[in-house]
There are 2 protein chains.
Amino acid sequence: MAVPPPLMAIGALSRRTGCKIETIRYYERIGLLPAPARSRGGHRHYGEGALKRLDFILRARGLGFPLDSVRGLLDLADGEGRSCAQVERIAVRHLKDVRNKLADILVMEKVLAEMVAECRGGTMPDCPLIEALFNED
Amino acid sequence: MAVPPPLMAIGALSRRTGCKIETIRYYERIGLLPAPARSRGGHRHYGEGALKRLDFILRARGLGFPLDSVRGLLDLADGEGRSCAQVERIAVRHLKDVRNKLADILVMEKVLAEMVAECRGGTMPDCPLIEALFNED
DNA sequence: CCTTGAAGCTGTAGCTACTACAGGTTTTAT
DNA sequence: ATAAAACCTGTAGTAGCTACAGCTTCAAGG
């Protein structure tokens, strides 16, 4: 019935996911990806399942989830069941972190932009940007 | 004439700047702070100059400048002269980085917020957030 | 002066999330 | 059969700290 699923080497998985080979091996080492089948010579061979899982990891990482949270999400995804509440907790927590970072970066952008604006046009002996960093408030 | 300037131990410098002791020593190790005077017993003693310099570093770091850029800014600040153009280059470069990160984080925030919104209220067997991470686009 | 507790010292290892080798083996294409 | 590409393991490096362990010194009270 089932045609044996096509296996790919780590390089193919890397190409198809855009994830570097070293990173794939790293994810395996830290237990995010299961150890795949091996050829007689020891080369890794992956099925489509690994590809889906790696894509999941990469999407979560792309949203900034730390690896620990990704691990948690994968566990919840693996264990079928009413995971929604726990998933939400992880996501809400991360969203809060993201918003905090966002607030920080917005401030940085504003202050930097102002500093640069003041700097621009100045061939002054004393750079106002340097002064700003030296003088409190 | 000049009353010898009051010296402080590393703990006092730490308290006055809000910078952890270990971090101060770290900055010294990597050459951002000059090696201070020492007591006979080997304890570090700092003057007001060190305080100003550390404050400068902390403000630059607070604006997200990487340590390498901080080093560059300090060099320019040290070497008196028309540093403005070079300072501006460093700052503009950093501002660009900050804006890139800002754009990334804004996307993250939006997507995450949407995901969480969909998750909320769901005691579904299949969490939509997990699904979203599993299914491409 | 002596003691004691706080504060300081050095050096090393750990953290996140990879990335980059070196030095070898296997696979694949010719 | 050979040669090049791909793969293997293991280790070390990146940024920017932070946290010990195991000791020494300093300052204040008695």
Side-chain angles (χ1 to χ4, degrees), chain A residues 6-33 35-46 50 54 56-74 90 93-94 97-98 100-101 104 108, chain B residues 6-33 35-46 50 54 56-74 90 93-94 97-98 101 104-105 108:
Chain A
L7 295 177
M8 54 192 148
I10 198 169
L13 182 61
S14 171
R15 259 170 271 124
R16 287 183 63 187
T17 55
C19 183
K20 298 200 171 170
I21 290 177
E22 287 89 349
T23 306
I24 297 174
R25 288 198 283 245
Y26 171 69
Y27 286 161
E28 179 185 333
R29 227 177 26 253
I30 65 171
L32 285 189
L33 288 174
R38 298 278 188 142
S39 71
R40 266 158 298 136
H43 288 200
R44 291 170 178 81
H45 285 310
Y46 297 95
L54 182 49
F56 181 104
I57 295 169
L58 295 176
R59 278 192 208 101
R61 290 290 302 127
L63 290 172
F65 282 99
L67 287 181
D68 250 25
S69 300
V70 176
R71 199 189 303 276
L73 291 172
L74 281 168
I90 294 177
R93 174 103 187 71
H94 177 52
D97 290 350
V98 166
N100 285 344
K101 193 160 283 175
D104 289 351
M108 285 183 201
Chain B
L7 295 178
M8 53 191 147
I10 197 168
L13 183 60
S14 170
R15 257 170 273 124
R16 286 183 63 186
T17 55
C19 183
K20 298 201 172 172
I21 290 178
E22 288 90 348
T23 306
I24 298 174
R25 288 197 284 244
Y26 171 69
Y27 287 160
E28 179 184 333
R29 227 178 24 254
I30 65 172
L32 285 190
L33 288 175
R38 299 277 189 142
S39 70
R40 265 157 299 134
H43 288 199
R44 291 170 178 79
H45 285 309
Y46 298 94
L54 182 50
F56 181 103
I57 294 169
L58 295 176
R59 280 193 206 101
R61 290 290 301 128
L63 290 172
F65 281 99
L67 287 180
D68 251 23
S69 300
V70 176
R71 199 188 304 275
L73 292 173
L74 281 168
I90 294 177
R93 173 103 186 71
H94 177 53
D97 290 350
V98 166
K101 191 159 285 175
D104 289 350
I105 294 208
M108 285 183 202

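So you know, we letter chains A, B, ... as the sequences are listed, proteins then strands, and number each from 1. In this text, all values refer to a predicted model and were calculated from it rather than measured experimentally.
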Is the shortest side-chain N/O distance from A/Tyr27 to OP1 or OP2 of C/dA17 below 4.0 Å?
no
For B/Arg25, answer base if it contacts any base atom (sugar-phosphate contacts may also be present), sugar-phosphate if it contacts only those atoms, and nothing otherwise; contact means non-hydrogen atoms under 4.0 Å.
base
Nearest to side-chain heavy atoms of B/Arg61, which nucleotide of C/dA7, D/dG16, D/dC8:
D/dG16
Please step through side chain to side chain contact (heavy atoms under 4.5 Å, CB included) for the pair A/Tyr26 and A/Leu32, ending with a clear verdict.
CA-CA 9 Å; A/Tyr26 171 69; A/Leu32 285 189; over 6 Å; no
How close or far is atom C1' of C/dT25 from atom CZ of A/Arg44, stated in whole angstroms?
14 Å
Contact class for A/Ile21 (heavy atom, under 4.0 Å): base, sugar-phosphate, or nothing?
sugar-phosphate
Whole-Å distance separating the CD atom of A/Glu28 from the C1' atom of C/dT19:
17 Å
Whether B/Ser39 contacts D/dC26 is assessed here as follows: a side-chain N or O lying under 4.0 Å from the phosphate OP1 or OP2. Is that the case?
yes
SB check B/Arg93 B/Asp97 (cutoff 4.0 Å)
yes
Starting from the 5' end of DNA chain C, give me the residue, A/Glu22 or A/Gly64, whose nearest nucleotide shows up first.
A/Gly64
Looking only at non-hydrogen atoms, find the nearest pair between B/Pro36 and B/Glu28 and report the distance.
CD-OE1, 3.5 Å
Quick check: closest heavy atoms across A/Cys19 and A/Ser14, and the distance to 0.1 Å?
O-OG, 2.7 Å
Whole-Å distance between C/dC18 C1' and A/Leu32 CG?
12 Å
May I have the distance from B/Ile10 (atom CD1) to D/dT18 (atom C1'), rounded to whole angstrom?
14 Å
If you only use heavy atoms from C-beta on, which nucleotide in C/dA17, D/dT9, C/dT19 is closest to the side chain of A/Lys20?
C/dT19
I need the CZ-C1' distance between A/Arg71 and C/dA17, as an integer number of Å.
12 Å
Report the distance from atom CG of B/Asp68 to atom P of D/dT14, rounded to the nearest whole Å.
11 Å
To the nearest Å, give me how far apart CG (A/Leu13) and P (D/dC8) are.
11 Å
Minimum heavy-atom distance between A/Leu33 and A/Ile57, given as atom pair plus value:
CD2-CD1, 3.9 Å
From the set D/dT18, C/dT27, C/dT10, return the single nucleotide nearest to any side-chain atom of A/His43.
C/dT27
Taking any heavy-atom pair under 4.0 Å as a contact, classify B/Arg38: base, sugar-phosphate, or nothing.
sugar-phosphate
What heavy-atom pair brings A/Leu63 and A/His94 nearest, and what distance separates the two atoms?
O-NE2, 2.8 Å
Starting the side chain at C-beta, find the nucleotide from D/dT25, D/dC7, C/dC18 nearest to A/Ala9.
D/dC7
Rounded to the nearest angstrom, tell me the gap between atom CD1 in B/Ile57 and atom P in D/dG16.
13 Å
Can you tell me if A/Thr23 touches the phosphate of C/dT19, counting only side-chain N or O atoms and a distance under 4.0 Å to OP1 or OP2?
yes
Mind checking A/Phe65 for me? I need base, sugar-phosphate or nothing, with any heavy atom below 4.0 Å counting as a touch.
nothing
More 5' along DNA chain D: B/Arg40 or A/Gly11, using each one's nearest nucleotide?
A/Gly11
Earlier contact from the 5' end, DNA chain D, for A/Gly41 and A/Arg29:
A/Gly41
